[in-house]
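When reading the values below, keep in mind they use all heavy atoms of this one structure, side chains included, and skip hydrogens, waters and symmetry mates. Note that ligands are numbered from 1 as they come in the structure, with each ligand's atoms numbered from 1 the same way.
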Amino acid sequence: MANLADSLSVTQLSSWSEPGTHLAVLGHPIGHSLSPVMHNAALREIARSRPQYSDWRYWKIDVPPELLPSVLPVLRERKFLGINLTVPHKVLAMRLAASITLEAQQAGAMNTLKLEPEGYRGFNTDGRGLVKALGEDFSIECGDQDFLLLGAGGAARGAAVELVRFGCRSLWIGNRSAEGLNGILPVVQGMATSTSIHPFLFSTLPPDLPAGVVVINATSAGLHKDDPAPIELSQLPRPSAVYDMIYNPPSTCLLREAAKLGIPNANGLSMLIHQGALALELWTGEPVPIHAMRSALKLSKPLSTR
Ligand code: NDP
């Protein structure tokens, strides 16, 4: 039997003969992923009262982007019921799914696939996972709030779409490059009815930003332990909270800066848990024991800094 802690290779899939029902996260690289730890813990907990889940397993599979089109049919044949997608597959998979939810279409990216009779259906649970995380970490009701979103990639797009859907008061979207910013704006502006949208580049911070915004970092600046923060918090009117989607490393320069200024702050672990729980709920149709996911992550080895 393969070891759940190891990453599977594409080659291993061709001779796949594990019994049971299978789920997996696909990425490249994937060795660092904590998704199997939290999903297998939740599945064990669910199976305590519902034995039909006792042979469900969640794997991690290293899939280079050029192999994704050929790997998805193999996973379908091997009856992998649910798939999570991480870097670099979230956008790439859009043209490979049999159907896509409106939520994922608007986000232009998907992080979850569910096997249906006609093939994989694509979902995006990142945005809803973020909103749940903000509620949990800061008791924030997104509807009556101003947000400063940093980044314009897949994660930022999922977040922006969800915040606008919630009808947040204003959304300030900043990015390093104009190209990235121009990619995210048409969708968000097209959806916004009650939300005012304010784009800016990191090189020119907006002079009219109100105090009390919730800052969300959806850039990859901070993934490496010596990365500087994408913007200087001290240059802004005082935010009410700072959320960094990065959870590995657990503390980024942006979060340290927030702590130094006495601003409530949290890393992306809560979003990881909630987007994962929403995916598991889609696959099983069962209520998901979030406490089991959280405890498993706390007990897992200290997070390394990539
Ligand atoms: P993408 O590659 O799609 O987007 C990256 C974004 O980061 C772009 O806006 C890019 O700007 C910006 N960027 C990259 N490097 C820098 C830098 N040095 N300084 C400033 N901006 C930079 O990645 P994703 O959107 O998929 O992921 C973004 C982050 O969110 C990652 O750190 C990821 O780990 C995290 N994430 C966390 C999740 C969770 O559950 N906690 C879920 C999903 C993502 P430009 O357009 O100029 O290139």
Side-chain angles (χ1 to χ4, degrees), residues 25-30 32-35 37-39 65 84-94 104 107-112 123-134 136-137 148-162 173-185 187-188 199-205 215-233 242-255 265-280 290 293-294 297 303-306:
V25 58
L26 315 186
H28 184 70
I30 197 63
H32 66 281
S33 174
L34 297 173
S35 292
V37 171
M38 65 174 193
H39 279 284
N84 279 139
L85 299 162
T86 185
V87 179
H89 300 312
K90 289 185 183 187
V91 175
L92 199 61
M94 292 291 283
M110 51 204 197
N111 70 337
T112 302
F123 300 79
N124 191 318
T125 66
D126 277 341
R128 278 184 293 141
L130 170 70
V131 166
K132 280 176 177 270
L134 294 174
E136 181 178 288
D137 288 329
L148 174 61
L149 178 63
L150 307 174
R157 223 167 126 154
V161 161
E162 197 59 22
I173 308 180
N175 196 46
R176 177 179 61 177
S177 73
E179 195 192 1
L181 194 57
N182 293 336
I184 196 172
L185 280 180
V187 186
V188 178
F200 67 95
L201 291 175
F202 292 163
S203 51
T204 322
L205 293 180
V215 176
I216 298 171
N217 181 33
T219 75
S220 24
L223 274 178
H224 301 280
K225 96 173 154 34
D226 298 325
D227 282 351
I231 57 166
E232 289 252 354
L233 282 180
V242 175
Y243 190 83
D244 200 326
M245 287 192 189
I246 294 174
Y247 56 86
N248 183 12
S251 175
T252 59
C253 183
L254 185 74
L255 292 182
N265 61 89
N267 72 17
L269 206 59
S270 47
M271 177 177 171
L272 176 77
I273 292 170
H274 285 291
Q275 61 76 33
L278 288 164
L280 192 55
I290 291 194
M293 295 177 127
R294 190 175 288 116
L297 290 178
L303 303 178
S304 63
T305 52
R306 266 180 282 158

Atom indices of ligand 1, in the order listed, that fall short of 4.0 Å to a heavy atom of Ala152: 9 (O)
Side chains of Asp126 and Leu130 in contact at under 4.5 Å (non-hydrogen atoms): no
Nearest-option assignment for atom 9 (O) of ligand 1, heavy atoms, candidates Thr219, Thr86, Asn175: Asn175
Pairwise side-chain contact, Leu148 with Leu150, heavy-atom cut-off 4.5 Å (strictly under): yes
Ligand 1-proximal atoms of Ile246, by part, heavy-atom distance under 4.0 Å: side chain
Side-chain touch Leu34/Asn248, heavy atoms, less than 4.5 angstrom: no
Numbered atoms of ligand 1 (with element) below 4.0 Å of Gly154, judged on heavy atoms: 3 (O), 25 (O)
Atoms in ligand 1 with a heavy atom of Gly151 nearer than 4.0 Å: 9 (O)
Winner among Ala229, Gly153, Ser177, Ala156 once heavy atoms are compared against atom 1 (P) of ligand 1: Gly153
Proximal atoms of ligand 1 relative to Ser220 (non-hydrogen, under 4.0 Å): 5 (C), 7 (O), 14 (C), 15 (N), 32 (O)
Any side-chain heavy-atom pair of Val161 and Asn124 under 4.5 Å: no
Arg157 side chain near Val187 side chain, heavy-atom distance below 4.5 Å: yes
Check: His274 and Val131 side chains under 4.5 Å, non-hydrogen atoms: no
Leu278 and Lys132, any side-chain heavy atoms less than 4.5 Å apart: yes
Numbered atoms of ligand 1 (with element) below 4.0 Å of Tyr247, judged on heavy atoms: 41 (N)
Location of contacts on Asn111 toward ligand 1, heavy atoms closer than 4.0 Å: neither
Gly268: numbered ligand 1 atoms lying under 4.0 Å from its heavy atoms: 41 (N)
Which atom of Gly222 lies closest to which atom of Thr252, heavy atoms considered: O-CG2, 3.8 Å
Lys90 contact mode with ligand 1 (heavy-atom cut-off under 4.0 Å): side chain
Leu223 contact mode with ligand 1 (heavy-atom cut-off under 4.0 Å): side chain
Thr219 side chain reached by Phe202 side chain, heavy atoms, under 4.5 Å: yes
Check: Gly180 N/O within less than 3.5 Å of ligand 1 N/O: no
